Structure formats: C-alpha cells, structure tokens
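Computation of the quantities below employed the complete heavy-atom set of this structure, encompassing side-chain atoms and omitting hydrogens, waters and symmetry-equivalent molecules. This one's a predicted model, so the numbers in the text were calculated from it and none came from an experiment.
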Amino acid sequence: MVLLSEMLKVGLAPTVITYNTIINGYLKRGYLDNAMRLLDLMKNNGCKADEWTYAELISGFCKRDKLDSASALFQEMIKHGLSPNQVNYTTLIDGFSKEEKVDDALALSKRMEESGCTPGVETYNAIINGLSKQNRLLEAEKLWEVSVLHERVYSSTASKNDVSFELLCTLLDRMSEIGCEPNAGTYSTLLLGLSREGKTYEADQLIEHMEEKGFSPTSAVYCFLLVSYCNNLKVDAALEIFDSLVQQSFRSPLSIYQSLICALCRRSRLKEVELLFENMLGKQWNDDEIVWTILIDGLLKEKKFELCMKLLHVMESKSCPISFQTYVILARELSKLDG
C-alpha cells in the first residue's frame, strides 16, 4: 500500500500489472482483507481488474476455505463481462469438493460446459475427490451427462449400490476419450475413495492398472490403503505395505502404528504387537503421544487392558519419560474399564 500511495502522490497511475502483483503478494501471505481493499482501490482509481486479478483472488480465498467470498468474486467477474476460464472454474470446483459441497461442484461443472468451457483432467479429479469423500463414486457417471460426447457412462457389471473395478476402468477410459488423460492425481483420488469404503480388492486391482500406465501410488495413498486393510483385518497385506514404506525411509505416523497394533490384537498376534511396539519406541516419538495414541486411544478402546499394561511396563523398562498428567489420564481411562 505504501508503494501505491507514493506512486499516486507523484502522479503515477499504477497499471493492472502493478495491482495484480501486490494483490498476489497479499494473498500469498494470507492477507485477504488487504487484497480486497486493494481491489476496491483499484476500481476507485479507474483501473479495471482483469481475468488474472480474479483468478488470483478466487484461488487465494479458496485456499483459505473462504468459499462464499470466492463464489462472490466469481459472480462479480462474470458481471463485469469477463469470461471464466478452465482454471477459474476448476479452482472453485476444487474448493467446493474439498468442503464436500459436491452438489455445488457438480452444478458448476455443468455450467462450465454449458458456457463452452471444456473441463480438464484436474476438473474431473476435483469432482471425483468430492464424490469419493461422500462415498458417492457411482455418481461419477454424471460427469459425462453434458460432455462433448453427449452420452452417459454405464457399466454392465456394476450394480447401482456398488463400485466395481470395471466401472472405474470405464470412467478412466471415458476421460481419455474426451481428451482428459487420467494422471497420477486421478488414480490417487480413486484409490483414496476405495480405501475409505474398505474396498481393498478393487484398490489392489486399480494399483495394478495404475502401474501399467506408468504411475505409482504415493506414500500417503499407501497409508490410507494400509488402514483400510487393518479395518478389514487383512493384517499381512497391511504389514507388507508397512515394510515397503519402511524400506523407502518413510516415517509412518503414529496413527499407522495404532491401526496395525489394533488389527494384530484382533487377530490375536500378540507377539507381533510387542515387537512392533518396541520397534516404534526407537523412532524418537514423543512418549506421551505414544501413550495417548497407542495405549489410550488404541488398546483401551479395544478393551485390551492386560496388553495395555504390559506395553506400559515395556516403556517404563526402557526409561521412557512419561509425564505425570499422562499417567493421570491413563489411570482415569483404566478406571472406566474397571467400572
């Protein structure tokens, strides 16, 4: 603002490029109010905002989860005679999808095509992500209702209440046919959705298909799949992923250890629980956090009182410094089980 004030004092009129550069700087720092004040100043000084101005503002507000403001800017952009492009539409669609406002995302994607703006692969990735978060992957069929092919996608093998590997392949093929070649993000989004729904068999098939196309799941995707295996008590498959992540020097979060330990408990593989727990103690985790995550939030919720106490003694034998407050919380949770 100081630079603009000095320019105006000496009679220099800032250009749209000047305003856009400063707005971008504010948005990167999260100063949304300053960015909007600068937009108002821009208008008052007779400098018309362009597509880049609104693109940056819409993106900045979406990144800060200010969807209402981003939507208002999108409407203002159209009102001023500017035509949103693929990036503008996709940014807002992605914002809606991340906030699980999938119906708004679908409506905007339809409006996008009706306006003559062709969706890109990132547009479809964003919508698929939103649908998968709400276990609505079957509705991905709707993505092509208004597509340039003017056809609907159906799978002859998928039931109306289930997502099959065949349906996913059909969706991926359809994306290719309309010029949106699926990328690593597309596969990752679908795998996350399958993991959330516990569809580990379909996820395994999709990984094979993904690798045939030259893509590999990220560590984050493998972590989601590992938890899904644990929830389905497919412990060996989960341990195989875990060992693979270890070999890649990936530091699994404590929640992964919690899932593995609880799954091993349910399978009565207690020796492996102890080995995994002792291995975890050498990973420089915060000891209080281990007690909260593994013992209290994990084993005690599984009502594994004796194993919980055994692992606590393991920590004490290794001189793990557990705070007094954590002991109090643990004692309180243990008393609930006794009651």
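Judged purely by distance below 3.5 Å, without hydrogens or angles, the side chains of N125 and N183 pair a donor atom with an acceptor atom. The closest side-chain donor-acceptor pair between Q248 and S244 falls under 3.5 angstrom. Using modelled atom types and a 3.5 Å distance limit, the side chains of D94 and T91 yield no donor-acceptor pair. Looking only at atom types and distance, the side chain of S323 has a donor-acceptor partner in the side chain of D288 under 3.5 Å away. Looking only at atom types and distance, the side chain of T123 has a donor-acceptor partner in the side chain of T90 under 3.5 Å away. Side chain to side chain, E181 and S176 meet the donor-acceptor criterion of an N or O pair below 3.5 Å. A donor-acceptor pair shorter than 3.5 Å cannot be found between the side chains of N129 and T189.
Taken to the nearest 0.5 Å, the OG1 atom of T53 stands 9.0 Å off from the CE atom of M77. Residue K271 holds its NZ atom at 5.5 Å from CG of L275, rounded to the nearest 0.5 Å. Interatomic distance, CG of L38 versus OG1 of T21, reported as 10.5 Å (0.5 Å rounding). In this structure, Q205 CD and L168 CG are separated by 9.0 Å, a value rounded to the nearest 0.5 Å. Of the inter-residue distances, the one linking T186 atom OG1 with M175 atom CE reads 4.0 Å to the nearest 0.5 angstrom. In this structure, M280 CE and I256 CD1 are separated by 13.0 Å, a value rounded to the nearest 0.5 Å.
Of the candidates D68, N88, L57, L92, L73 forms a side-chain contact (heavy atoms from CB on, under 4.5 Å) with just one, namely L57.
Across every non-hydrogen atom of S83 and E51, the tightest pair is O-CG, 4.2 Å. When every heavy atom of L307 is checked against every heavy atom of C265, the shortest pair comes out as CD2-SG, 3.1 Å. The minimum heavy-atom distance linking A126 with I93 is given by the pair CB-CG2, 4.2 Å. The two residues L330 and C308 make their nearest non-hydrogen contact at CD1-SG, 4.3 Å. Nearest heavy atom pair, residue S132 against residue R196, reads OG-NH1, 3.2 Å.
Outside the 6.0 Å centre-distance limit, the rings of Y222 and F242 are not counted as a close aromatic pair.
In this structure, E114 does not pair ionically with R111, as no charged nitrogen and carboxylate oxygen lie closer than 4.0 Å. We find that K199 and E202 are not joined by a salt bridge, their nearest charged nitrogen and carboxylate oxygen being 4.0 Å or further apart. Using a cut-off of 4.0 Å between Lys/Arg side-chain N and Asp/Glu carboxylate O, R269 and E274 are scored as not salt-bridged. We find that D33 and R37 are not joined by a salt bridge, their nearest charged nitrogen and carboxylate oxygen being 4.0 Å or further apart.
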Trace of the side chain to side chain donor-acceptor pair (under 3.5 Å) decision for D297 with Q258:
CA-CA 8 Å; D297 199 43; Q258 181 199 77; 3.3 Å; yes

Is there a salt bridge (Lys or Arg N to Asp or Glu O under 4.0 Å) between E76 and K43? Walk through the geometry before answering.
CA-CA 13 Å; E76 182 180 310; K43 295 174 186 175; 2.7 Å; yes

Decide side chain to side chain donor-acceptor pair (under 3.5 Å) for N45 and Y19; before the verdict, give the C-alpha distance in whole Å, the side-chain angles of both, and the deciding distance to 0.1 Å.
CA-CA 11 Å; N45 289 335; Y19 282 110; 3.0 Å; yes

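Using the six-membered ring where Trp is involved, W285 and Y257 have ring planes that are perpendicular, over 60° apart on the 30 and 60° scheme. The aromatic rings of F74 and Y89 sit perpendicular to each other, their planes meeting at more than 60°, with 30° as the lower class boundary.
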